[in-house]
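Everything on this sheet refers to the single structure shown next.
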Amino acid sequence: MFSYSKRDLFQSRLPVHEVSASYEDAGLFRTALCQLMLELIPQMRRNDRQDLVVRGFVDRKTEIDVFFAGRRAAEVGPLERQLKALMTHARQQAASAGAKPPDVAKVRLPLRAEGAWRRSLHRDDSGWETGSYHFVVARWSLLDKDGNTVSFGEAPAT
């Protein structure tokens, strides 16, 4: 039996300066591209590769993780700022009305995204594997504060 440690897997990655756009996109977008209307909520984190992972919803009810990965992660600043501002505004409105803070899952930002679905398996402490899907974004559009559509990202390199 042969196994890899996390350290061995990390060292097997190409150095950043050797990764071309087409090589990166071949790893990120393994399935067919599709366009979706998503609703993102202001719950974000960065993974060990510095990709932005945002919690979101498809069809207003199905919860997913939305990944902004690779070179596209450098363009997510306006999206992060808009999500943070949306949550700040919702908290201020609740405070001025004397209500309790809003449920983060109800504060949503609509986003049109083009990308690919990825499946991921997780093993729990008892050994059972469960699968989940996440959406890797190539291009996205949102409305700015003036109501204009602003687009980010780029089509996958082939």
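Keep in mind that the numbers below use all heavy atoms, side chains included, and drop hydrogens, waters and symmetry copies.
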Review point. Taking it one step at a time, do I41 and V107 satisfy side chain to side chain contact (heavy atoms under 4.5 Å, CB included)?
Key: CA-CA 6 Å; I41 64 172; V107 179; 5.9 Å; no
Only pairs at least two apart or in different chains count here, so list each salt bridge (charged side-chain N to carboxylate O under 4.0 Å, His left out) that has a residue in [range].
range: residues 84-108; result: E39-R108
range: residues 130-150; result: E114-R139
range: residues 124-134; result: R123-E129

Review point. Counting only heavy atoms not in R118, do more than 12 fall under 6.0 Å of its CZ?
Key: yes
**Study point:** Atom CZ of R60 with >12 non-hydrogen neighbours under 6.0 angstrom
**Key:** no
Point to revise | ILVMFWY network linking M37 to V150, side-chain heavy atoms under 4.5 angstrom | key: no
Point to revise | L86 with F57, same ILVMFWY side-chain cluster at under 4.5 Å | key: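 No, it is not one cluster - the side chains of L86 and F57 are not joined through contacts under 4.5 Å.
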Check your understanding: side chain to side chain contact (heavy atoms under 4.5 Å, CB included) between L142 and Q82: does it pass, once the steps are laid out?
Key -> CA-CA 10 Å; L142 52 91; Q82 196 162 354; 2.9 Å; yes
With sequence neighbours left out, what residues match [X] under side chain to side chain donor-acceptor pair (under 3.5 Å)?
X: S141; result: S151
X: T31; result: none
X: T149; result: none

Does the side chain of [Y] come within less than 4.5 Å of [X]'s, by heavy atoms?
X: V104; Y: M87; result: yes
X: L38; Y: I64; result: yes
X: H134; Y: S120; result: yes
X: L40; Y: L83; result: yes
X: L143; Y: N148; result: no

Check your understanding: With sequence neighbours left out, which residue pairs that include part of residues 79-132 fulfil the ring-ring contact (aromatic ring centres under 6.0 Å, His included) condition?
Key ->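 Pairs touching residues 79-132 that pass the test: W117-F135.
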Exercise for review: Drop me the distance from R45's CZ to L52's CG, to the nearest 0.5 angstrom.
Suggested key: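 R45 atom CZ to L52 atom CG measures 9.5 Å (nearest 0.5 Å).
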Revision key, fill the gap. Distance col, row K61:NZ vs D59:CG, nearest 0.5 angstrom, shows 5.0 Å
Practice item. Kindly determine whether L109 and L79 satisfy side chain to side chain contact (heavy atoms under 4.5 Å, CB included), including the steps that lead there. Key: CA-CA 9 Å; L109 175 69; L79 175 64; 3.7 Å; yes
Check your understanding: Has the side chain of R30 got a donor or acceptor atom that lies under 3.5 Å from a matching backbone atom of G27?
Key ->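 At least one qualifying donor-acceptor pair exists.
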Check your understanding: Should W140 and F68 be marked as a side chain to side chain contact (heavy atoms under 4.5 Å, CB included) after you check the CA-CA gap, both sets of side-chain angles, and the distance that decides it?
Key -> CA-CA 10 Å; W140 64 98; F68 297 87; 3.7 Å; yes
Exercise for review: Sequence neighbours left out, what pairs pass side-chain hydrogen bond (donor to acceptor under 3.5 Å, both in side chains) with at least one residue falling in residues 67-81?
Suggested key: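 Pairs touching residues 67-81 that pass the test: E24-R71, D25-R71, D25-R72, R46-E80, R71-E154.
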Check your understanding: side-chain contact (heavy atoms from CB on, under 4.5 Å) with S96: which residues, sequence neighbours excluded?
Key ->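 Result, side-chain contact (heavy atoms from CB on, under 4.5 Å) vs S96: none returned.
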Exercise for review: Quick one: closest heavy-atom pair of A73 and D51, and the distance?
Suggested key: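 Minimum heavy-atom separation between A73 and D51: CB-CA, 4.4 Å.
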Check your understanding: If you link I, L, V, M, F, W and Y whenever their side-chain heavy atoms are under 4.5 Å apart, who else ends up in the same group as V53?
Key ->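 When side chains under 4.5 Å apart are linked, the cluster holding V53 also contains L28, F29, L33, F67, V136.
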